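Step one of this worksheet: look at the structure below.
Within every chain, numbering begins at 1; the chains are lettered A, B, ... in the order of the sequence lines, protein sequences first and strands thereafter. Everything numeric in this text was worked out from a predicted model, so none of it was measured.
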Amino acid sequence: MNKFRTHNCGELNKKDNNKKVFLSGWINKKRDHGNLLFIDLRDNYGITQCVIDKSSNFFKELEKIQLESVIKIDGLVVERTKETINNELKTGEIEVKIISFKILGECRELPMPIFSDQEYAEDIRLKYRFLDLRRKKIHENIILRSKVIAFIRSEMLKYGFLEFQTPILTSSSPEGARDFLVPSRLNPGKFYALPQAPQQFKQLIMVAGFDKYFQIAPCFRDEDARADRSPGEFYQLDLEMSFVEQEDVFEVVEKLMVNLFKKFSNKKIKSEKFQKISYEEAMTKYGTDKPDLRNPLIIYDLTNIFTRDDVKFDIFKKLVKSGSKVRAIITKNTKDKARSFFDTIDKWAKEEGASGLAYFTFEKDNKISAKGPIGKFFSEDSLKEIMKITEAEIGDSIFLACGKDGEVEKITSLARDKIANQLNLINENEFAFCWIVDYPMFEKDLISKKIKFSHNPFSMPQGDYNKIDFNKPLNIKAYQYDIVCNGVELSSGAIRNHIPELMYKLFSIAGYEKKHVDQKFSGMINALSYGAPPHGGIAPGIDRIVMLLANEKNIREVTMFPMNQNAQDLMMEAPSEVDLEQLKELNLSIVKKK
RNA sequence: GGGGGUGUAGCUCAGUUGGUUAGAGCGAUCGCCUGUCACGCGAUAGGUCGCGGGUUCGAGUCCCGUCACUCCCGCCA
């Protein structure tokens, strides 16, 4: 028998009546009646009420003990009387009468209460993460994360995938995010980089003939944080398969996601066969390539309406003449909404940096008219045309945004979410997955006007190699896809380009010479010329999946030891300065910033 | 790098138009209480109002600067 406990704090019930037990755990809560003291003892498994009265020699000492101290209790299980049963607790049928106790770990005054649902300032939570993690909600989130990862692992093995580790110290890659660098002691002046993803390695694993690979892979990118993006590091379910087409990857991932989300959530999956939306369609209909499909609102293009002579809304007409686009969102049956509903949204849009959202409502007396500040600028014919394009009906309202290509999408996409939230159109008890497919291979940089890879330079372009028109690179689509759930981008993947010649060609379009490609991607380009199988894969983000399952808006709520927004670990005090000796060994010196 | 929000007791917050000695709940300390499960009751301690400067007879409150945390934009093949 273990000297600390015979049972944990979540397992005793009335079947154990009269048993002598040892329990060890944290003092979650005390209720002191002066001559009678209740102690809620907590561990990972639950809470057990322990009780002692003044007849005991230990009474005075226990009365004084701090919350969150760790103690061992030697006691007797006693069935509670009917009136005192607590149905909120798994162990609520019994309590443990304390015979004696021992302090195992004393606790000093707490910087934050553990037993509370209150929210606390982030810096205190992060500095005392070990205390924060004792709290119920986050404790459960972290356990969920563990279970999710275990489940994914067993599913992937079931599907015939093999798990491999890939290096953490690797080489810097020119594409993508900023790298974290690690100086090399043995190679002065040279640096390793932490992998942004095991991209090249997983392709090499395919070239090596392992057929199906996966890994719960840490990825490191030195980019600024967001609520759903940790600075520094995050985890992906990295997977890659040989001799596959896009559909084969989809099949595996859909199966995994459906099984995973069904197992760990009670929310409904909107469609178990995930809808496929082309990048182009997503951008016009939703204004984003990560649409929330729980949101029924759709964006319509009304640019042509503003070239008509019977539309007099000059502000938009002028902008359209100079190349701007007009996009619209229809809200059903909102004719009776208060003026403030519309103005709030207009005001919000202005705060978002747009020029606001124009709006009116379709009405009909003798003829169709538009009610609202800009209603008078539209003829009946033009209104009919708008209603035809947008499938709007009398009583519906329309929000209009005008802006340059690439900018108008941004505001309409945000407006789509905002309006749906205001009207309560989002079903919170649903997961709506979709695939975004047919990404363009290249895009034009808005500032430098240069052609660059729009996503992943290793993706396979669509179409027959001999028939691709490389003179019109912006028309080339790639076998590149994203999976999106409830507006959260879970991952992107691609069928890879395994033909070196084609790779050189694509890189040259993006402005990289053959020499440069050979140098920067030597490992891979070399490998591809020794008999590479066609292959493809994807890498769903583990943290974001757990966020969705735990119903959390912030990635730190599902991360055990996250860094703050400035990429500092407040508990470990990282990053930190290092000894001069260490720097010298690495041939580094610090340039002091003025 | 830019924009927004927040910063008052150990924790969560209130603090009116600038006006006397800055408050509450939880926690802490002390006392009372034998059936609570957010136990109850009473008392005590606890404050550089983030920091610096300014306006004013007078600043937690107004102005300028600065720092920290956070959300967003940029960035994230």
Side-chain angles (χ1 to χ4, degrees), chain A residues 28-41 47-56 59 63-64 66-68 78 80-89 91-92 95 97 108-128 131-132 173-179 195-197 199-200 219-232 234 348 351-354 407 410-411 414 439 441-443 446-447 452-459 478 480 489 492-494 506-507 510 512 520-521 539 541 553-554 556 564-566 568 570:
Chain A
N28 192 60
K29 193 76 189 163
K30 286 190 296 184
R31 287 175 296 281
D32 187 354
H33 291 241
N35 292 314
L36 179 71
L37 173 66
F38 295 101
I39 288 181
D40 290 341
L41 200 66
I47 286 177
T48 301
Q49 173 167 284
C50 305
V51 63
I52 189 168
D53 68 28
K54 71 169 176 192
S55 63
S56 165
F59 183 77
E63 250 191 328
K64 295 280 172 270
Q66 287 280 353
L67 294 183
E68 291 305 313
V78 180
R80 297 200 201 183
T81 60
K82 224 179 227 159
E83 315 83 68
T84 58
I85 286 174
N86 183 349
N87 291 316
E88 309 273 295
L89 291 183
T91 61
E95 62 193 6
K97 194 165 186 270
R108 51 183 191 187
E109 194 178 342
L110 293 161
M112 55 188 272
I114 308 301
F115 171 69
S116 168
D117 293 330
Q118 229 162 31
E119 303 216 17
Y120 303 97
E122 199 82 27
D123 36 353
I124 293 167
R125 293 185 58 193
L126 292 182
K127 184 167 177 194
Y128 297 96
L131 294 179
D132 192 37
S173 65
E175 286 286 324
R178 217 172 282 117
D179 282 318
Q196 296 184 23
Q199 180 64 39
Q200 293 193 55
C219 304
F220 305 90
R221 296 178 192 175
D222 186 3
E223 292 299 330
D224 288 352
R226 288 288 183 280
D228 64 350
R229 203 167 83 202
S230 276
F234 61 96
W348 162 85
E351 280 164 8
E352 285 295 319
E407 284 172 18
K410 242 172 240 171
I411 187 65
L414 289 171
Y439 276 84
M441 189 82 215
F442 298 101
E443 64 186 15
L446 284 174
I447 298 158
K452 60 175 194 178
F453 288 109
S454 73
H455 239 80
N456 186 324
F458 306 121
S459 299
Q480 163 87 45
E489 184 193 322
S492 53
L506 296 170
F507 266 101
Y512 296 99
K520 282 295 174 186
F521 304 104
K553 294 250 175 326
N554 195 299
R556 290 185 298 274
N564 71 6
Q565 194 162 44
N566 294 324
Q568 298 159 339
L570 298 176

Over how many whole Å does the gap from [X] atom [atom1] to [N] atom [atom2] extend?
X        : N     : atom1 : atom2 : value
A/Leu67  : B/C26 : CG    : P     : 14 Å
A/Asn566 : B/C67 : CG    : C1'   : 11 Å
A/Arg178 : B/G74 : CZ    : P     : 14 Å
A/Asp228 : B/C73 : CG    : C1'   : 14 Å
A/Gln118 : B/U12 : CD    : P     : 7 Å

Should [N] form a Watson-Crick or G-U wobble pair with both distances under 3.5 Å, which nucleotide is its partner?
N     : result
B/A68 : B/U6
B/G42 : B/C30
B/A24 : B/U12
B/C75 : none

So, OP1 or OP2 of [N]: does either fall under 4.0 Å of a side-chain N or O from [X]?
X        : N     : result
A/Arg226 : B/C73 : yes
A/Arg556 : B/C69 : no
A/Gln568 : B/A68 : no
A/Lys410 : B/G74 : yes

For A/Phe453 and A/Phe507, what are the C-alpha separation, side-chain angles and deciding distance, and is it a ring-ring contact (aromatic ring centres under 6.0 Å, His included)?
-> CA-CA 8 Å; A/Phe453 288 109; A/Phe507 266 101; 5.0 Å; yes
Could you give the distance from CG (A/Asn28) to CD1 (A/Ile47), rounded to the nearest 0.5 Å?
->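 Going from CG on A/Asn28 over to CD1 on A/Ile47, the span is 4.0 Å.
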Measuring from A/Ile52:CD1 to A/Phe38:CZ, what's the distance to the nearest 0.5 Å?
->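 That separation rounds to 12.0 Å.
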Quick tally for nucleotides 36-42 of chain B: nucleotides whose base has a protein heavy atom under 4.0 Å get B, sugar-phosphate-only ones S, the rest -, giving BBSB---
Can you give one letter per nucleotide of nucleotides 3-8 of chain B, going 5' to 3': B for a protein heavy atom under 4.0 Å from the base, S for sugar-phosphate only, - for none?
-> ------
Under the side chain to side chain contact (heavy atoms under 4.5 Å, CB included) test, residues paired with A/Ala177 that sit two or more places apart |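 Counting only residues at least two positions away or on another chain, A/Ala177 forms a side chain to side chain contact (heavy atoms under 4.5 Å, CB included) with A/Gln196, A/Arg221, A/Glu223.
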Looking at every strand, decide which applies to A/Glu122 at a 4.0 Å heavy-atom threshold: base, sugar-phosphate, or nothing.
->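 A/Glu122: backbone/sugar contact only, no base atoms under 4.0 Å.
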Indicate, with a heavy-atom threshold strictly under 4.0 Å, whether A/Glu119 touches base, sugar-phosphate, or nothing.
->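 Sugar-phosphate, backbone atoms only, no base.
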Can we call the ring centroids of A/Phe458 and A/Phe521 under 6.0 Å apart?
->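 So the answer is yes for these two rings.
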Closest nucleotide of RNA chain B for A/Arg229 versus for A/Asn554: which of these residues is on the 5' side?
->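 Between the two, 5'-proximity favours A/Asn554.
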With nearest nucleotides of RNA chain B determined for A/Pro457 and A/Asp123 from heavy-atom distances, which residue corresponds to the more 5′ nucleotide?
->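 Looking at RNA chain B, the more 5' nearest nucleotide goes with A/Asp123.
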Just compare B/C75, B/A28, B/C72 and give me whichever is closest to any side-chain atom of A/Glu109.
->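 Selected nucleotide: B/A28.
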Any idea which of B/U34, B/C11, B/C71 is nearest the A/Tyr120 side chain?
->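 In terms of side-chain proximity for A/Tyr120, the closest of B/U34, B/C11, B/C71 is B/C11.
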